[in-house]
Amino acid sequence: MRSTPIRVALLGCGTVGGEVARLLTEQAGELAARAGAPVELAGIAVRRPDKHPELPPELLTRDAAELVAADDVDVVVELIGGIEPTRTWLLDALRAGKSVVTANKALLSENSAELSEAADASGADLYFEAAVAGAIPLLRPLRESLAGDRITRVMGIVNGTTNYILSAMDSTGAGYAEALDEASRLGYAEADPTADVDGYDAASKAAILASLAFHTRVTAADVHREGIAGVTASDITAAKMLNRTVKLLAICERVTSDDGSESVSARVHPVMIPRAHQLAGVSGAFNAVYVEADAAGELMFYGQGAGGAPTASAVLGDLVAVARNRVLGGLGPRESAHAALPVRPMGQTPTRYHVSLDVADRPGVLAQVAQAFAANGVSIAAVRQRDRLSTASLVIVTHLAPDAALESTVDEIAKMDVVHEVVSVMRVEGEDQ
Ligand SMILES: NC(=O)C1=CN([C@@H]2O[C@H](COP(=O)(O)OP(=O)(O)OC[C@H]3O[C@@H](n4cnc5c(N)ncnc54)[C@H](O)[C@@H]3O)[C@@H](O)[C@H]2O)C=CC1
Ligand SMILES: N[C@@H](CC=O)C(=O)O
Ligand code: NA
């Protein structure tokens, strides 16, 4: 084993950073054996040193920029979050040839091109396994194991906080605010939990997944985003009546047009899925992601998607990889954006809708509603009555159609005199058994 240590600057010592500091210290011997050199903390940047009596005081600093610039730092592990000043610190580190390990999906989904270019220019590594689906090894399989395959779809639950809330609403009927408070207390939520509930966090992750899967630069701004704030008790009830449940999904697809041209679609929104679907059984802060590839077929990745220790596991895996590269003189995977596929707008993306309506109880109403679907070119897969005793409740599930056509159909229906209330509208995935 090499005796010269790999020196690590740790930026941030909160939920994830605290666990990284603990594991780095407790498992120093094991990590050194795996990395081929001792992996040592050079310093830890924190906001309030007095709040960290558990850490050696000589390691603590309030000056992250100075720590990043220190001559004896080889690797910067960033666990603060947000765009600035972290972007500047990480660019400074990479430009100085220091490798970076980060869990910061918000930053990566906006600035990964700039960060990757800085890493390439100086011959440094940029690793970010913890940024998507916490502990689950997902980005490494996409970047490395599947580098020889053609990925067509990546779909899954990538936000633990919203999954925790939706699971609670579905199983115990717990209130939204109560479940969110609990998710924050357990360390799953972002510092500002609107990033979770409004879908920003999942959209950042979708951008990272789509970029890696389709070898194309996709940013958070390219991802269609809807959060769970609009999911009502009526939606949950409507889903239950269809033997379905509601999940917030990130869906990244390679779409081939009739002329053979390819594009990328990336979206995050609530979806009704059958209870028999494997994603329906993923509850609490767990995440699960399906990957479909031409040769590999269907793969599923499942595990803890949030929380201090699970996320720290992914960070430490990256840190060992970076340390090994330093010891052996190699480099980790580089950005792969050669395909440069265009991003398809949501309106043109094929989706399926579930629409639940309260309508006037008289003959001809169903025909009138069905006509609105037909006029927009949307074909209906199934119609049933929500309440078996009344013809005044309709549940319609469509076949695939461009999302914009489905949206205009619903707008049209909502304005009809015979439609008393649009009880629930949600996209659907998966076939009923
Ligand atoms: N908590 C989780 O389950 C997961 C978090 N992440 C990401 O990991 C990163 C960290 O998340 P958490 O640990 O949950 O956040 P956190 O809020 O618990 O920790 C961030 C820490 O950074 C400190 N900090 C803020 N500004 C600072 C500055 N200028 N200098 C030094 N320290 C500063 C804060 O005081 C806080 O202790 C974020 O990018 C987050 O998105 C990724 C996956 C899972
Ligand atoms: N806030 C995030 C944390 C992990 O990425 C989540 O809830 O999934
Ligand atoms: Na991961």
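For the single chain, residues carry numbers from 1 onward in sequence order. Both backbone and side-chain heavy atoms feed into the values below; hydrogens, waters and symmetry mates do not. As the structure lists them, so they are numbered: ligands from 1, and atoms in each ligand from 1.
Atom numbering of ligand 1 starts at 1 in the shown order; those under 4.0 Å from a heavy atom of A45 are 31 (C), 32 (N). Heavy-atom contacts of T311 reach the following atoms of ligand 1: 3 (O), 4 (C), 42 (C), 43 (C), 44 (C) (cutoff under 4.0 Å). Near L79, meaning under 4.0 Å from one of its heavy atoms, ligand 1 places the atoms 10 (C), 20 (C). Atoms of ligand 1 lying under 4.0 Å from at least one heavy atom of V46, given by number and element, are 31 (C), 32 (N). Taking every non-hydrogen atom of G187 and a distance limit under 4.0 Å, the qualifying atoms of ligand 1 come out as 1 (N), 2 (C), 3 (O). Numbered from 1 in the order shown, with element, the atoms of ligand 1 that lie under 4.0 Å from a heavy atom of A306 read 3 (O).
Among L60, I80, V46, the one residue that satisfies the side-chain contact (heavy atoms from CB on, under 4.5 Å) test with C13 is V46. A side-chain contact (heavy atoms from CB on, under 4.5 Å) with Y290 is found for exactly one of L279, V154, I251, I157, namely L279. Applying the side-chain hydrogen bond (donor to acceptor under 3.5 Å, both in side chains) test between E335 and each of R143, R217, H215 identifies R217 as the sole match.
Residue A130: no N/O/S atom is found under 3.0 Å from the Na ion (ligand 3). Between the Na ion (ligand 3) and I136 there is an N/O/S contact shorter than 3.0 Å. At a cut-off of 3.0 Å, G134 is counted among the residues with an N, O or S atom near the Na ion (ligand 3).
At the top of the distance list for atom 3 (O) of ligand 1, counting protein heavy atoms only, stands G307 N, 2.6 Å. The protein non-hydrogen atom at the shortest distance from atom 8 (O) of ligand 1 is A103 CB, 3.5 Å. The nearest protein atom to atom 16 (P) of ligand 1, hydrogens excluded, is given as T15 N, 4.0 Å; this is a heavy-atom distance. Looking only at heavy atoms of the protein, atom 34 (C) of ligand 1 is closest to R47 NH1, 4.3 Å. Of the protein's heavy atoms, K105 NZ, 3.5 Å lies nearest to atom 6 (N) of ligand 1. Of the protein's non-hydrogen atoms, the one nearest atom 38 (C) of ligand 1 is G81 CA, 3.8 Å. With hydrogens left out, the protein atom closest to atom 13 (O) of ligand 1 is V16 N, 2.9 Å, a heavy atom. Nearest protein heavy-atom neighbour of atom 8 (O) of ligand 2: G160 N, 2.7 Å. Looking only at protein heavy atoms, the nearest one to atom 17 (O) of ligand 1 is A191 CB, 4.4 Å.
Contact annotation for W89 and ligand 1: only side-chain heavy atoms (C-beta onward) come within less than 4.0 Å of the ligand. The proximity of D196 to ligand 2, defined as any non-hydrogen pair under 4.0 Å, is limited to the side chain. Only side-chain heavy atoms of E190 come within less than 4.0 Å of ligand 1; its backbone N, CA, C and O stay farther off. With a 4.0 Å heavy-atom cut-off, ligand 1 is reached by no atom of R62. Proximity of A189 to ligand 2, defined as any heavy-atom pair under 4.0 Å, is confined to the backbone N, CA, C and O atoms. Only the backbone of A130 comes within contact range of ligand 1, with a heavy atom under 4.0 Å; no side-chain atom does.
Considering N163, D201, T161 only, the shortest heavy-atom separation from atom 7 (O) of ligand 2 involves T161. Remark: among candidates V132, I80, L108, the nearest residue to atom 27 (C) of ligand 1 is I80, based on non-hydrogen atoms.
Taking only nitrogen or oxygen atoms, main chain and side chain alike, G12 does not reach within less than 3.5 Å of ligand 1. At under 3.5 Å, not a single nitrogen or oxygen of A131, backbone or side chain, sits near a nitrogen or oxygen of ligand 1. The shortest N/O to N/O separation between A306 and ligand 2 does not fall below 3.5 Å.
Considering CG of L31 and CG of L319, their distance stands at 7.5 Å, rounded to 0.5 Å. Rounded to the nearest 0.5 Å, atoms CD (E117) and CG (L91) are 10.0 Å apart. Between the CG atom in D403 and the OH atom in Y353 there is a gap of 4.0 Å [rounded to 0.5 Å]. Between the OG atom in S99 and the CG atom in L90 there is a gap of 11.5 Å [rounded to 0.5 Å].
With respect to K105 and E190, a salt bridge is recorded, a charged nitrogen being found less than 4.0 Å from a carboxylate O. A salt bridge is absent between D125 and R324; no separation between the charged side-chain nitrogens and carboxylate oxygens falls under 4.0 Å.
Considering every non-hydrogen atom in both P350 and R267, the closest pair reads O-NH2, 3.9 Å.
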* Pair R244-D235, salt bridge (Lys or Arg N to Asp or Glu O under 4.0 Å): steps then yes or no -> CA-CA 10 Å; R244 286 178 168 255; D235 292 322; over 6 Å; no
* Yes or no on salt bridge (Lys or Arg N to Asp or Glu O under 4.0 Å) for R427 and E226, after CA distance, side-chain angles and deciding distance? -> CA-CA 11 Å; R427 298 182 185 90; E226 293 170 35; 3.0 Å; yes
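Within the 4.5 Å cutoff, the side chain of N325 has no heavy atoms near those of the L331 side chain.
For the pair R225 and Y200, the cation-pi test (distance below 6.0 Å, angle within 45°) is passed.
Put simply, no part of G134 is less than 4.0 Å from ligand 2, judged by heavy atoms.
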